[in-house]
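Everything on this sheet refers to the single structure shown next.
In what follows, every heavy atom counts, from backbone to side chain, and hydrogens, waters and symmetry copies are set aside. For reference, positions follow the sequence shown, starting with 1. For clarity, every value in this text was computed on a predicted model and none was experimentally measured.
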Amino acid sequence: MSELIKNQQNARVSKQTLDCLRGFTTPELCDGAGLYHSMDYRIKPMVGTRKIVGTAVTVDVPSGEGGIIADAILELREGDVLVIAGKGNCDCSYWGDHRSACAAMLKAEGVVIDGAYRDHADCEKAGFSIFAKGLTCGTAAKSGVGAINVPVSCGGVSVEPGDIIVGDLNGICVLKPEEAELVMERALEKRALQEQVMEEMRRTGKVITRLKRKS
């Protein structure tokens, strides 16, 4: 029998916060976080190139097992990101075109897979953003073993239900909801500093390779 654990206690991150986060790249957010949490560099956008920003719905599965992911899709709400802790297994797929179509109908933001997906052409037709480690043709097992909305390790990063997931061409960054405002504040400071240095370089013709905050 599947272990289905739903965490209804997590407060939703405000739409305003998520919209503000869209204005930053994942490198900027990593700089703002200081001690940042970025997933395995091999997890990159495979379908779609737009940035994804949303709250995590997690699913933990044994390597090569994907049946419970169908149940996890039904937990998605508009703006959610499904995070599949697939243990890095790319020998079989945890995701395909039908799952993309279902998640798109629920207006989810995207899926992040520590593993592989398949049905690339039809996934592109579905128009649902997929971040994954690989592409393959075989499917995962369907026994239904696993757990939904529990803390997981995905791409080497701990992710809890309700964490903020930001993904772009650079990779995936994971933030705690309570740290988002401070991270953005620091990212803005870094951006402003870089703009000041660039302006000084244009004005003086001098190359400045290090960004140093003035005390």
Side-chain angles (χ1 to χ4, degrees), residues 1-15 17-18 39 43 45-48 50-90 92-133 135-136 138-155 157-167 172 174 177:
M1 180 180 294
S2 302
E3 180 188 2
L4 178 59
I5 303 177
K6 302 177 183 178
N7 186 345
Q8 304 291 353
Q9 306 303 317
N10 292 306
R12 300 288 289 179
V13 178
S14 73
K15 184 178 184 299
T17 296
L18 296 177
M39 290 190 185
I43 300 178
M46 297 289 192
V47 174
R50 71 178 184 87
K51 181 182 297 180
I52 64 169
V53 181
T55 48
V57 171
T58 63
V59 55
D60 192 30
V61 290
S63 180
E65 168 58 51
I68 199 174
I69 295 169
D71 297 322
I73 292 172
L74 297 177
E75 298 300 308
L76 294 171
R77 290 181 281 181
E78 184 174 355
D80 282 340
V81 175
L82 187 61
V83 177
I84 300 173
K87 313 301 182 290
N89 188 337
C90 291
C92 60
S93 65
Y94 295 104
W95 194 265
D97 55 348
H98 184 69
R99 290 181 175 180
S100 279
C102 292
M105 286 187 66
L106 293 170
K107 298 182 179 179
E109 184 76 4
V111 62
V112 176
I113 311 167
D114 190 6
Y117 75 106
R118 67 177 187 173
D119 305 319
H120 179 80
D122 287 329
C123 282
E124 287 196 322
K125 290 178 183 177
F128 186 70
S129 295
I130 299 174
F131 284 68
K133 188 175 285 185
L135 174 66
T136 190
T139 187
K142 299 293 193 298
S143 71
V145 177
I148 297 169
N149 268 339
V150 295
V152 300
S153 176
C154 184
V157 176
S158 295
V159 182
E160 295 187 8
D163 281 354
I164 300 171
I165 307 297
V166 183
I172 298 287
V174 182

| Any donor-acceptor pair under 3.5 Å linking the side chain of E65 with the backbone of G146? | no

| request: Search all heavy atoms of A103 against all heavy atoms of L76 and return the closest pair with its distance. | output: CB-CD1, 4.2 Å

| remark: Sequence neighbours excluded, the answer for salt bridge (Lys or Arg N to Asp or Glu O under 4.0 Å) partners of K142 is none

| field | Minimum heavy-atom distance A72-V59, with the two atoms named | value | CB-CB, 4.0 Å

| Smallest separation among heavy atoms of A101 and A126, with atom names | N-CB, 4.1 Å

| Does any N or O in the side chain of E109 come within less than 3.5 Å of the main-chain N or O of V81, such that one atom is a donor and the other an acceptor? | no

| task | Find the distance between CG (L135) and CG (D119) and round it off to the nearest 0.5 Å. | result | 9.0 Å

| Do any N or O atoms from the side chain of N89 and from the backbone of G86 form a donor-acceptor pair under 3.5 angstrom? | no

| request: Taking the side chain as every heavy atom from C-beta outward, state whether V111 and Y117 have any atom pair closer than 4.5 Å. | output: no

| Heavy-atom side-chain proximity of I165 to V174 below 4.5 angstrom | yes

| message | Any non-hydrogen side-chain atom of K125 less than 4.5 Å from a side-chain atom of D97? | response | no

| request: Report yes if the side chains of L82 and I69 come closer than 4.5 Å at any heavy-atom pair, otherwise no. | output: yes

| request: Quick one: do F128 and L106 satisfy side chain to side chain contact (heavy atoms under 4.5 Å, CB included)? Show the steps, please. | output: CA-CA 11 Å; F128 186 70; L106 293 170; over 6 Å; no

| Does A140 have any side-chain contact (heavy atoms from CB on, under 4.5 Å) partners at least two apart in sequence or in another chain, and if so, which? | C92, Y94

| task | Quick one: closest heavy-atom pair of I43 and G155, and the distance? | result | CD1-CA, 3.9 Å

| request: Not counting sequence neighbours, which residues clear salt bridge (Lys or Arg N to Asp or Glu O under 4.0 Å) with K133? List them please. | output: D40, D114

| task | Quick one: pull up CD1 in I52 and CD1 in I130 and give me the separation to the nearest 0.5 Å. | result | 10.5 Å

| query | Taking only residues two or more places apart in sequence, or in another chain, which ones meet T58 in a side-chain contact (heavy atoms from CB on, under 4.5 Å)? | reply | A56, V83, N149, V152, V159, P161

| request: To the nearest 0.5 angstrom, please state how far the CD1 atom of I73 sits from the CE atom of M105. | output: 12.0 Å

| How far does CZ of R99 sit from SG of C123, to the nearest 0.5 angstrom? | 11.0 Å

| task | Kindly compute the distance separating CE (M46) from CD1 (I113), expressed to the nearest 0.5 Å. | result | 9.0 Å

| said: Checking S93 now: which residues fulfil side-chain contact (heavy atoms from CB on, under 4.5 Å) with it, not counting sequence neighbours? | reply: R118, T136, T139

| query | When rounded to the nearest 0.5 angstrom, what is the spacing between OG1 in T55 and CD in E160? | reply | 13.5 Å

| field | Residues forming a side-chain contact (heavy atoms from CB on, under 4.5 Å) with K87, sequence neighbours excluded | value | D60, S63, A85

